[in-house]
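Sequence positions, counted from 1, serve as the residue numbers for this chain.
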Amino acid sequence: MFIQEVCFLWGRKKQKKIRKRGNNNTVDVNINLIFNLILDFHNGPPFFFQQDYFTDENRVLRKDPQQDYHLEYAMENSTHTILAFSRELHTCDANDKSITESTVRVIWAYHHKDMGEAGQNYHGLNRGTKSLRLLNPEKEEVLSASLPYFDLTNKDVPVPDKDTTYWCQMFKIPVQHEKHHVTKVEPLIQKGHENLVHHILLYQCSSNLNDSVLDYGHECYHPNMPDSFLTCETVIFAWAIGGEGFTYPPHVGLSIGTAADPQFVLMEVHYDNPSYTEGLIDNSGLRLIYTPVLRKYDAGVIEAGLWVSLFHNIPPGMPEFVSEGHCTLECLEEALGAERPAGIRVFAVLLHAHLAGRAIRMRHFHNGKEQKLLAYDDEFDFNFQEFQYLKEERTILPGDNLITECHYSTVDRIRMTWGGLSTRNEMCLSYLLYYPRINLTRCASIPDIMEQLQFIGVKEIYRPVRTWPFIIKSPKQYKNLSFMDAMNKFQWSRSKGLSYNELVLKLPVNVRCSKTDNAEWSIQGMTALPPEIERPYKTEPVICSSSSPLHCSLFFTLLFIVHVTASTIGNIGPFV
């Protein structure tokens, strides 16, 4: 799975190109989509020409016989360079990469001298990168600077020198006795800790708590964690690394201030410290901007996908492995049928996985018939996770199915990858922002573990189960091993991994169907069969006209602005 990158290189003669790259390292395979823009200021008035290039497996520039990029506007002064260019989303050119709603990594680079006769100068350290979704529709609205806000931030949290820490802190919502709507949530990440703070979840807690729970924070999921933390199960907001502030649509807001709204919230911060750095102190958190001018609907969040569990596992050495988490027909039938028979409207989705994740799709079925994907990212970047605003709100009805489909690569791993909290473990989750709010907070599943163990030859486990992970009784080669040790002992190969994947996708699943305040719908804990669906998912084909290679109708324009110091640029002027 590759992430397309857009690269800008320039001196006084400017050059821009697009290339394709892997998740971590540049790859030497059919790097494509080079757009070459050169602007010359040497002799007389500035002029430019543009060319569409691609690279071969040796990264040698080749002129594309089909020219698809078009310069729309260009301007430069002593401090800034501005370029606007356009191309079709689907050029129907084998040397080009389609622009979709998936993640695109934009990289830039420049050199302070002109291109010489030998070609471009190497940019050295003058370069950078940013992942983004070029087609994610903007929902930003102008908010009054006078709107009130409150911050939920940690206070001098000592981050341990271990790879993964989840820190929990209880807060009391300061707005009381009158309903307000939160209209925007912004991350407050301590400067220098942008790669340390991986994600932040905000949970609603039991309304029966008192102010004594506010005295201290504690490591989450720890045996000595305060009991009050266990009452906080309902996610009301989620932020992940690379994401920016989230603005609710004009007709929706997060309700605070009423008896049904959160009075106490738990903020869970995931610290990712793979280098085991010592002495880190963090003060990150969230800012919530709110208004007394009420919106029409109250927003809710549903956590869907795979319940985070060791029952979710991925064999080593697999270039492709697919896991599915089911928000089942049975759960949605019961919860929506009781709370909102007319359905709920989803307006944004956050897709979440860890380091092995390569692609995530949220599949939607109505009356057994597959609908258009609810959300997807076929170029998933672990370091760039944010809510995707839906171009059109989607109605979810009783009897629908939602499947979070996650694609992983474990080619660089020699042991099993387990579902869990660490970034070296895996997750497969979707967070759905919707309205109107109902009493459904989690709609997920976990696959049956015993049939997974039967695949590797396990015949019997010790019962009753008194330890976790539980211990295997027979056969002899696994006797007295935990099921994790047995899975790691098994001699995995790619062919066995593929067979195992086919089995897991057909296994019965345990339904997770939760309300607020740790309550459960009656379907909770029951077993259901996954629906019969088409695998793999077939994307809609791009239809090209035989008479015109540029028949595809959608068009894309990118405005590129660069700030460069005057000493770097030299004597330059505006151009068009």
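The distance from the CG atom of N488 to the OG atom of S482 is 8.0 Å, given to the nearest 0.5 Å. Rounded to the nearest 0.5 Å, atoms CZ (F382) and CG (L355) are 4.5 Å apart. Taking NE2 of H199 as the reference point, atom NE2 of H352 lies at 5.0 Å (rounded to 0.5 Å). Taken from CD1 in I449 to CG in N313, the straight-line distance is 5.5 Å, to the nearest 0.5 Å. The distance from atom CG of D163 to atom CG of D272, rounded to the nearest 0.5 Å, is 7.0 Å. Remark: T258 OG1 to H177 NE2 distance equals 12.5 Å, nearest 0.5 Å.
At least one donor-acceptor pair closer than 3.5 Å links the side chain of W492 to the backbone N or O of M487. Proximity of a side-chain donor or acceptor of T410 to a complementary backbone N or O of P315 within less than 3.5 Å is detected. In this structure a side-chain-to-backbone donor-acceptor pair under 3.5 Å is missing from T441 to T234. When atom types are taken as modelled, the side chain of E426 and the backbone of I314 share no donor-acceptor pair closer than 3.5 angstrom. Between the W521 side chain and the N439 main chain, a donor and an acceptor come within less than 3.5 Å of each other. In this structure a side-chain-to-backbone donor-acceptor pair under 3.5 Å is missing from E393 to Y435. At least one donor-acceptor pair closer than 3.5 Å links the side chain of R295 to the backbone N or O of P249. Side-chain N or O atoms of Y434 include one that pairs as donor or acceptor with a backbone N or O of I438 at under 3.5 Å. In this structure, the side chain of T247 does not engage the main chain of K184 through any donor-acceptor pair within 3.5 Å. Checking side-chain atoms of Q524 against main-chain N and O of C513 turns up a donor-acceptor pair under 3.5 Å.
The minimum heavy-atom distance linking G343 with T395 is given by the pair CA-CG2, 4.4 Å. Annotation for M267 and F171: closest pair CB-CE1, 3.7 Å, computed over non-hydrogen atoms. S430 and V349 get closest at one heavy-atom pair: CB-CG1, 4.4 Å. Looking at every heavy atom in both residues, Q263 comes nearest to A259 through NE2-O, 4.2 Å. Of all the heavy atoms in S228 and M170, the pair that sits closest is OG-CE, 3.8 Å.
Side-chain contact check for F380 versus R358: every heavy-atom pair is 4.5 Å or farther apart. Residues T423 and H270 form a side-chain contact, since some pair of their non-hydrogen atoms from C-beta on lies under 4.5 Å apart. Contact of the T164 side chain with the N273 side chain is not registered, since no non-hydrogen atoms from C-beta on lie closer than 4.5 Å. Side-chain atoms of N501 and V322, non-hydrogen and from C-beta on, do get closer than 4.5 Å to each other. Counting only heavy atoms from C-beta outward, the side chains of D378 and T100 never approach each other to under 4.5 Å. The closest side-chain heavy-atom distance from F246 to L433 is below 4.5 Å. Between L421 and M427, the closest side-chain pair of non-hydrogen atoms falls below 4.5 Å. No side-chain heavy atom of P187 sits less than 4.5 Å from a side-chain heavy atom of I200.
For the 3.5 Å distance criterion, the side chains of T103 and D381 fail to qualify, holding no donor opposite an acceptor. With 3.5 Å as the limit, one finds a donor-acceptor pair spanning the side chains of D400 and H364. Side-chain N/O atoms of Q452 and Y500 include a donor and acceptor closer than 3.5 Å. Side chain to side chain, T291 and T183 fail the donor-acceptor criterion of an N or O pair below 3.5 Å.
For the side chain to side chain contact (heavy atoms under 4.5 Å, CB included) with D282, the lone residue among V159, I189, T165 that qualifies is V159.
Counted within 6.0 Å of CG on N195, heavy atoms from surrounding residues, nucleotides or ligands total 12 or fewer; the atom is thus considered open. Within a 6.0 Å sphere centred on CZ of F490, other residues, nucleotides and ligands contribute more than 12 heavy atoms. For E194, the CD atom sits in a packed shell: over 12 heavy atoms of surrounding residues, nucleotides or ligands are nearer than 6.0 Å. For N210, the CG atom counts as densely surrounded, since its 6.0 Å shell holds more than 12 non-hydrogen atoms of other residues, nucleotides or ligands.
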Quiz item: Given the rule in the salt bridge (Lys or Arg N to Asp or Glu O under 4.0 Å) test, do E233 and R442 qualify, once you have shown the distances and angles that lead to the verdict?
Solution: CA-CA 9 Å; E233 290 284 339; R442 183 174 287 112; 3.5 Å; yes
Quiz item: side-chain hydrogen bond (donor to acceptor under 3.5 Å, both in side chains) between E405 and H407: does it pass, once the steps are laid out?
Solution: CA-CA 7 Å; E405 176 188 284; H407 295 245; 2.8 Å; yes
Practice problem: Please report the C-alpha distance between S323 and H312 in whole Å, then the side-chain angles of each, then the deciding distance to 0.1 Å, and finally whether the side-chain hydrogen bond (donor to acceptor under 3.5 Å, both in side chains) criterion is met. | Solution: CA-CA 8 Å; S323 298; H312 173 210; 3.0 Å; yes
Exercise. Assess whether side-chain contact (heavy atoms from CB on, under 4.5 Å) is satisfied between E324 and V509, documenting all intermediate values.
Key: CA-CA 10 Å; E324 292 177 352; V509 297; over 6 Å; no
Quiz item: For S206 and F264, what are the C-alpha separation, side-chain angles and deciding distance, and is it a side-chain contact (heavy atoms from CB on, under 4.5 Å)?
Solution: CA-CA 7 Å; S206 171; F264 294 90; over 6 Å; no
Exercise. Begin from the C-alpha positions of V197 and W167 and carry the test side-chain contact (heavy atoms from CB on, under 4.5 Å) through to its verdict.
Key: CA-CA 11 Å; V197 181; W167 185 262; over 6 Å; no
Quiz item: Can you check side-chain contact (heavy atoms from CB on, under 4.5 Å) on V265 and I173, steps first, answer last?
Solution: CA-CA 7 Å; V265 293; I173 298 295; 3.9 Å; yes
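Shown here are the side chain to side chain donor-acceptor pair (under 3.5 Å) partners of E334, two or more places apart in sequence or in another chain: S522. Remark: R437 engages D261 in a side chain to side chain donor-acceptor pair (under 3.5 Å) (not counting sequence neighbours).
Two rings, from F237 and Y431, have their centers 6.0 Å or more apart. Taking the six-membered ring where the residue is Trp, the centroids of F470 and F483 are separated by under 6.0 Å. Residues H198 and Y166 place their aromatic rings such that the two centres sit no closer than 6.0 Å. Aromatic rings of F311 and W468 (six-membered ring for Trp) have centroids within the 6.0 Å cut-off, being under it. The six-membered or imidazole ring of F150 lies near that of Y290, with a centre-to-centre distance under 6.0 Å. Centroid-to-centroid, the aromatic rings of H181 and Y248 stay 6.0 Å apart or farther.
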Which atom pairs, donor and acceptor, lie under 3.5 Å between side-chain atoms of residues 217-226 and protein residues at least two apart or in another chain?
unit_1	atom_1	unit_2	atom_2	d
E219	OE2	K162	NZ	2.8
Y221	OH	E268	OE1	2.5
H222	ND1	N224	N	3.0

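Ring planes of Y297 and H251: perpendicular class, angle over 60° (limits at 30 and 60°).
Remark: SG of C443 is not found under 2.5 Å from SG of C331.
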